[in-house]
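Here is the structure we will look at, set down as structure tokens.
Quick note on labels: first sequence line is chain A, next is B, and so on, each numbered from 1. All values below come from the heavy atoms of this structure, side chains included, with hydrogens, waters and symmetry mates left out.
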2 protein chains.
Amino acid sequence: MYATLMHGPGDVRYERVEDPKILKPTDAIIQLSATCICGSDLWPYRGANQIDAPLHMGHEYCGVVIEVGPEVRTVKPGQFVVGSFCLSDNTCPHCEFGFQSSCVQREFMSGAQAPYARVPLADGTLVATEEMPDAEMVPHMLAVSDVLGTGWYGAVAAGVHEGATVVVVGDGAVGLMGVMAAKQLGAGRIIAMSRHESRQKLAREFGATDIVEERGEEGIARVMQLTNGVGAESVIEAVGMEQSMQQAMGICRPGGTIGYVGVPHGVSFDGQQLFFKQQRMLGGPAPVRRFLPDLMNRVLEGAIEPGKVFDLVLPIAEVAEGYKAMDERRAIKTMLVV
Amino acid sequence: MYATLMHGPGDVRYERVEDPKILKPTDAIIQLSATCICGSDLWPYRGANQIDAPLHMGHEYCGVVIEVGPEVRTVKPGQFVVGSFCLSDNTCPHCEFGFQSSCVQREFMSGAQAPYARVPLADGTLVATEEMPDAEMVPHMLAVSDVLGTGWYGAVAAGVHEGATVVVVGDGAVGLMGVMAAKQLGAGRIIAMSRHESRQKLAREFGATDIVEERGEEGIARVMQLTNGVGAESVIEAVGMEQSMQQAMGICRPGGTIGYVGVPHGVSFDGQQLFFKQQRMLGGPAPVRRFLPDLMNRVLEGAIEPGKVFDLVLPIAEVAEGYKAMDERRAIKTMLVV
């Protein structure tokens with residue numbers, strides 16, 4: 001088959017590779033219904049991570065099981081499944097504690113920007129639907145796999161609850177999903193920090209009650225003004241840069257919580273600053289598996305339409321253009337039709 | 001009167017100063033029943049903080065109100081009171097949120113290592129007892145003011161709950177109070193990291209179920225062994241040094257919580273390390289005011305005896321020796337009789 005490989009910064013190719021095979025008895029092979037490009041794929045694309053060998057790209061996926069290893073018990077060929085970008089056994093103590101993204105057997109999914117993919121630890125990673133969903137459900141189910149799951153975790157990590165005041169730092173796809181999650185979790189006020197009109201529009205559609213265009217000190221001042229000088233109880237940090245983290249710390253009230261889901265790049269914290277800010281913090285790769293059944297249900301019931309975050313749809317053969325569009329911020333998130 | 005001043009590192013003197021006066025209408029003057037030396041007083045004593053002018057030392061206190069400013073409503077002369085080392089109005093949004101240590105009017109108490117002291121923001125800071133407590137209650141009430149309040153906050157910040165596995169890093173007075181707090185909050189297992197026999201003994205008396213003497217990587221390995229490789233759900237960090245913080249991060253399970261109450265000195269965090277550790281963190285100066293009524297009740301009911309943490313009692317005129325004994329770790333915590 002063909003699949004997406006990254007050979008170096010800016011160098012993404014759709015090229016011939018070997019078909020995926022069952023390598024371990026706990027593997028499954030799925031035929032993807034659709035796949036997509038993640039904001040985190042842009043880190044190596046932009047040269048922020050070292051690339052030593054061609055990377056098999058893609059970790060967001062949903063599709064139909066076509067083969068399973070002899071030890072797989074919970075999914076079977078013909079079923080529609082969604083999985084997390086973190087592969088987990090879902091039985092170890094960390095999984096049972098709801099942190100499947102720190103599973104003792106954790107691996108990160110790869111190779112999903114392709115028509116077929118191998119999913120290790122299939123029993124612990126994949127969740128099957130009862131019936132084959134309609135085609136129009138596919139973008140929404142795909143979004144659950146990472147971008148919604150990550151935004152959701154950001155909101156949960158930030159302690160969002162009924163009536164809470166929430167600020168979302170970052171108007172990328174994860175930030176927008178953070179807005180949707182905050183809304184679903186009952187937030188009373190959702191302030192989205194965004195300076196791009198199309199993203200502001202989506203943020204409002206997903207539940208944002210206020211938009212703050214300013215950044216840095218001005219952005220902090222604006223949020224403080226909107227919150228009567230108090231700051232927000234919950235802040236979702238969905239970027240991972242020094243500036244965005246300082247922004248989050250500048251607008252979170254003492255005793256409030258920052259959920260940070262952008263992988264930090266070049267970010268460090270001063271212990272005494274953290275101490276006197278007195279903000280609760282929880283970050284990490286999202287334990288999407290914890291949320292999968294609930295989020296899949298919300299999609300199937302029509303309560304949420306996270307697939308709206310895909311504002312560019314391309315045939316997978318044009319994956320390179322999909323990366324380029326996201327890198328140049330012409331697209332929020334690119335879905336790839338296989 | 002005489003009071004305790006620090007003129008420079010290692011230079012503590014009990015010398016003549018002006019009597020404290022009501023300076024603002026919200027002030028109270030108290031006659032101290034006893035006072036004590038805090039672990040944090042050792043930072044400037046050891047030269048870790050700059051000292052530009054003589055410091056009026058002392059921020060842990062209980063005693064009898066002798067005078068109040070014209071706006072003070074909730075306490076009156078003759079009442080026995082305990083206050084927090086953080087002065088707060090107890091009415092601002094941060095106070096109402098339970099974070100009085102980030103009160104918009106916050107000041108830090110000073111000058112309490114003396115027979116009399118001025119307490120600003122008396123209404124928001126002081127809590128009076130219904131009756132004059134017996135003399136033997138004084139050490140326990142004094143401990144509530146900071147050292148127990150801080151250990152308690154460490155346990156609350158670390159999310160300690162019924163049945164939880166808790167590790168306390170640091171066997172100073174605050175760490176020992178963290179053990180007591182964890183026990184009171186229902187922890188199922190309390191692992192105290194301590195290499196000093198007298199402190200181990202107190203830790204066991206306060207509720208520690210296990211003692212780990214090892215430090216650094218060996219200490220981490222020992223705790224991981226005790227927790228079946230999982231790590232602890234709640235970690236109280238009560239030191240504030242790089243090594244102790246790394247210890248805390250090494251033994252906290254993913255999704256677990258570190259409550260850090262040692263003021264960080266020379267501690268910094270790498271964003272990506274924090275992210276992938278996936279531990280919840282909350283630190284800061286303890287909002288003791290939130291806990292005061294509850295902790296004072298527990299003392300008066302005889303449920304806890306936090307004053308046992310004072311293993312050296314000196315007349316206040318010998319305060320310099322009190323500092324020296326703590327600096328040389330001959331004493332855990334020095335109480336000063338006024």
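Note that R253(A) lies outside the cation-pi zone of F99(B), set by a 6.0 Å cut-off to the ring centre and a 45° limit from the axis.
Summarising the geometry, atom CG belonging to D146(B) is positioned 6.0 Å from atom NZ belonging to K333(B); distances are rounded to the nearest 0.5 Å. Expressed to the nearest 0.5 Å, how far SG of C86(B) lies from CG of L121(B) amounts to 11.5 Å. To the nearest 0.5 angstrom, F275(A) atom CZ is 11.5 Å from M281(B) atom CE. Here M57(B) contributes atom CE and D41(B) contributes atom CG; the two are 4.0 Å apart, rounded to the nearest 0.5 Å. How far OG1 of T125(A) is from CG of L292(A): 9.5 Å, rounded to the nearest 0.5 Å.
Taking chain A as the reference chain and counting heavy-atom pairs below 4.5 Å, the highest number among P287(B), P93(B), G271(B) is found for G271(B). Options G255(B), G283(B), S268(B), G98(B) differ in how many heavy-atom pairs under 4.5 Å they form with chain A, and the most are formed by G255(B). Counting heavy-atom pairs closer than 4.5 Å to chain B, the top residue among K277(A), H265(A), Q273(A) is H265(A).
Distance alone, capped at 3.5 Å, places no donor-acceptor pair between the S234(A) side chain and the T257(A) backbone. Side chain of Q278(B) to backbone of P285(A): a donor-acceptor contact under 3.5 angstrom is found.
Scanning residues 220-233 of chain A against chain B with a 4.5 Å heavy-atom cutoff picks out V230(A), E233(A), ordered by number. For a heavy-atom cut-off of 4.5 Å, chain B lies close to no residue in residues 161-176 of chain A.
For Q272(B), the parts lying under 4.5 angstrom from a heavy atom of chain A are both the backbone and the side chain.
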When the side chains of residues 103-112 of chain B are checked against the rest of the protein, which donor-acceptor pairs come out under 3.5 Å, sequence neighbours left out?
unit_1  : atom_1 : unit_2  : atom_2 : d
Q105(B) : NE2    : D89(B)  : OD2    : 3.1
R106(B) : NH1    : S101(B) : O      : 2.8

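A side chain to side chain contact (heavy atoms under 4.5 Å, CB included) with E60(A) is found for one member of V147(A), V82(A), V144(A) and no other, namely V147(A).
Listed by chain and number, the residues in a side chain to side chain donor-acceptor pair (under 3.5 Å) with H94(B) amount to none (sequence neighbours excluded).
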